[in-house]
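Source: prediction; values computed, not measured.
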Amino acid sequence: MTGSRPTDAMETMSGADHQLPAELFVARRMNSKCGGLHHHRFVTAVEAIEVAGANYSSLRPDDLVMSVGNKRFDVSAVKLMRHRANEQLNAAEPDL
């Protein structure tokens with residue numbers, strides 16, 4: 001899924017961006033049952049990150065783009081965002 005515009009680095013995603021609406025664009029392989037481009041809209045980028053990490057983490061970097069505002073992120077950036085969010089949640093949990 002090559003486009004005319006490159007994706008942004010994960011570090012350009014600010015805390016405020018996580019609450020913005022987000023879109024996922026997923027390119028399916030030609031040999032899959034559902035070929036072509038799939039588009040998903042989410043109320044927040046947090047939801048899009050969770051869905052992308054859970055359902056599309058095995059895709060190649062060019063097969064998924066998440067759009068938040070005027071920023072675009074590939075699957076590797078989305079996976080890293082999800083990993084860091086999970087680390088922050090685990091660090092915030094009290095030890096029992």
(message) Once side-chain hydrogen bond (donor to acceptor under 3.5 Å, both in side chains) is applied, do any residues pair with Asp17, and if so which ones, sequence neighbours excluded?
(response) Ser14, Lys71
(request) Over all heavy atoms of both residues, which pair between Ala22 and Ala45 is shortest? Give the atoms and the distance, please. (result) CB-CA, 3.6 Å
(request) With rounding to the nearest 0.5 Å, note down the distance linking CD1 in Ile49 to CZ in Arg82. (result) 10.0 Å
(request) State, with a plain yes or no, whether a side-chain heavy atom of Leu24 is found less than 4.5 Å away from one of Leu64. (result) yes
(message) Let me confirm one number: the OG-NZ distance from Ser58 to Lys79, rounded to the nearest 0.5 Å.
(response) 8.0 Å
(request) Just jot down the side chain to side chain contact (heavy atoms under 4.5 Å, CB included) partners of Glu47, sequence neighbours excluded, or say none. (result) Phe42, Val43, Thr44
(message) side-chain contact (heavy atoms from CB on, under 4.5 Å) for His18 and Val68? Distances and angles first, verdict last.
(response) CA-CA 8 Å; His18 285 85; Val68 180; over 6 Å; no
(request) Verify the cluster assignment for Val46 and Phe73: are they in a single hydrophobic cluster under the rule of side-chain heavy atoms below 4.5 Å apart? (result) no
(message) Checking Gln19 now: which residues fulfil side-chain hydrogen bond (donor to acceptor under 3.5 Å, both in side chains) with it, not counting sequence neighbours?
(response) none
(request) Kindly compute the distance separating CG (Leu59) from CG (Asp74), expressed to the nearest 0.5 Å. (result) 11.0 Å
(request) Would you mind reporting whether Arg72 and Met66 have side-chain heavy atoms less than 4.5 Å apart? (result) no
(request) List the steps and the verdict of side chain to side chain donor-acceptor pair (under 3.5 Å) for His40 and Glu23. (result) CA-CA 6 Å; His40 307 277; Glu23 298 175 289; over 6 Å; no
(request) Might you point out which heavy atoms bring Arg60 and Val75 nearest each other, and give the distance in Å? (result) O-CG1, 3.6 Å
(message) Nearest 0.5 angstrom please: Glu50 CD to Asn55 CG, how far?
(response) 9.0 Å
